[in-house]
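Here the structure is laid out as structure tokens; the discussion comes afterwards.
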Amino acid sequence: MANAIMHSTMLLLLCALLMAIFKTTVKASNKLYAPDKTALRALGGTNIKLLLDVSNPRLEYLAASQANADRWVQDNIRRYSTVNFRYVAIGNEVKPQDPFARFLFPAMQNVHKAIVKAGLGNQIKVSTATFFGAMEVSYPPSQGKLRGDYQQLLGPVITFLRNNGAPLLVNVYPYFSHMENPRDVDYALFTAPSVVVTDGPYLYQNLFDAMLDAFYAALERAGGGSLDIVVSESGWPSAGGTDTSVNNAKTYKTNLVRHVNQRKGTPRKPGKAIEVYLFAMFDEKNKEPAYEKHWGLFFPSKQEKYPISFC
């Protein structure tokens, strides 16, 4: 979803905004889509837990040798010892047909070894971010199943994550599911007044839970039933597409934060805390199609689009 490289002044502003927003929040988190010296220096000494992406074009370099991975960890993690790194995501939404897909798993292995060698294996978990394009079946949620080509791509990854106690990162966008089947916007926005989907013993009042549980069911079928899922992206655009408006974007993000803070889990995983990274801080005016431009809490001019409470 996001551009791999953001302008450094924007990243510095992002960090300053996050520190202002989260200064009284114990479990503040942030995601960077590429290492940036300005942003990493700004995050040093804060209470913000960081998810750091490795862009897809870098996978071949990291897979090529352990020395390359060691150097990357030294330059982008060890050098910033006061940054609270939580996850390193090796690749974002890698598809089986991508020319760099074959480098995904060896890159993950090499970066993990480098992090362990640096004495940070208990603090920083290595994973990758996938998405709902990997699903062959997502409805009903209990029948969730990965596509065969993604099963082949992610099979070694699932074993790796299970062996290392790391979660799978998944980008979960009810907006895209709603856009493809625009029947009940309330179900997608967490505003449905009652249960919308009954799946055996599981009762769903919002689409986000149904999508998350579908991926949990798919992981169970793929041998990853013990894995946690961290939602590495979720949001709603404010313009440019079906049911897009500032009010809907604010409603979705506000209700998602409230849902997470209630710590009720999902119907399939009751009581299990949900960890979510909101997308995005800023609109990106150069992206296409039109709805891709309008995911931010802020305009590119740095003007706030709408307020949202994280408490």
Check your understanding: Is the NZ atom of K269 crowded by more than 12 outside heavy atoms at less than 6.0 Å?
Key -> yes

Review point. Does any pair with a residue in residues 117-136 pass side chain to side chain donor-acceptor pair (under 3.5 Å), and if so which ones, sequence neighbours excluded?
Key: D70-K117

Practice item. Return yes if a side-chain donor-acceptor contact under 3.5 Å exists between N261 and R258, otherwise no. Key: no

Check your understanding: Can you check whether F176 reaches F131 side chain to side chain, under 4.5 Å on heavy atoms?
Key -> no

Check your understanding: Heavy atoms, side chains only, cut-off 4.5 Å: are I158 and L168 in contact?
Key -> no

Check your understanding: Charged N to carboxylate O under 4.0 angstrom, K31 versus E233?
Key -> yes

Review point. Is R268 salt-bridged to E220, cutoff N-O under 4.0 Å?
Key: yes

Review point. Should Q205 and Y187 count as side-chain neighbours, where that means a heavy-atom distance under 4.5 Å?
Key: no

Exercise for review: Look up atom NE2 in H112 and atom CG in L161, then write down how far apart they are to the nearest 0.5 Å.
Suggested key: 10.5 Å

Review point. Any side-chain heavy atom of L32 within less than 4.5 Å of one from L40?
Key: yes

Point to revise | Modelled atom types, side-chain donor and acceptor of D186 and T191, under 3.5 Å | key: yes

Practice item. Would you tell me whether N171 and N92 have side-chain atoms, one donor and one acceptor, within less than 3.5 Å of each other? Key: yes

Review point. What do you reckon, is CZ of R102 surrounded by more than 12 foreign heavy atoms closer than 6.0 Å?
Key: no

Check your understanding: Is there a donor-acceptor contact under 3.5 Å linking the side chains of D184 and H178?
Key -> no

Could you pull out all donor-acceptor pairs under 3.5 Å where a side-chain atom in residues 142-157 meets a protein atom, sequence neighbours excluded?
unit_1, atom_1, unit_2, atom_2, d
S142, OG, D199, OD1, 2.9
S142, OG, D199, OD2, 3.0
R147, NE, D149, OD1, 3.2
R147, NH1, G133, O, 3.2
R147, NH2, D149, OD1, 3.4
R147, NH2, D149, OD2, 2.6

**Study point:** Centroid separation W295 to Y173 less than 6.0 Å
**Key:** yes

Review point. Considering all heavy atoms of both residues, which atom of S309 and which atom of V257 are nearest to each other, and what is their separation?
Key: O-CG1, 3.5 Å

**Study point:** Y204 with V137, same ILVMFWY side-chain cluster at under 4.5 Å
**Key:** no

Point to revise | Y87 reachable from I115 in the ILVMFWY side-chain graph, under 4.5 Å edges | key: no

**Study point:** Ion pair K49/E275, N-O distance below 4.0 Å
**Key:** no

**Study point:** From S177 atom OG to Y139 atom OH, the distance as rounded to the nearest 0.5 Å
**Key:** 11.0 Å

Practice item. Could you check whether the rings of F190 and Y252 sit parallel, tilted or perpendicular, using 30° and 60° as the cut-offs? Key: tilted

Check your understanding: Does D228 come within less than 4.0 Å of K272, counting only side-chain N to carboxylate O?
Key -> yes

Check your understanding: Does a salt bridge link K305 with D283, judged by any charged N lying under 4.0 Å from a carboxylate O?
Key -> yes

Review point. Does some side-chain heavy atom of D209 sit less than 4.5 Å from a side-chain heavy atom of H259?
Key: yes

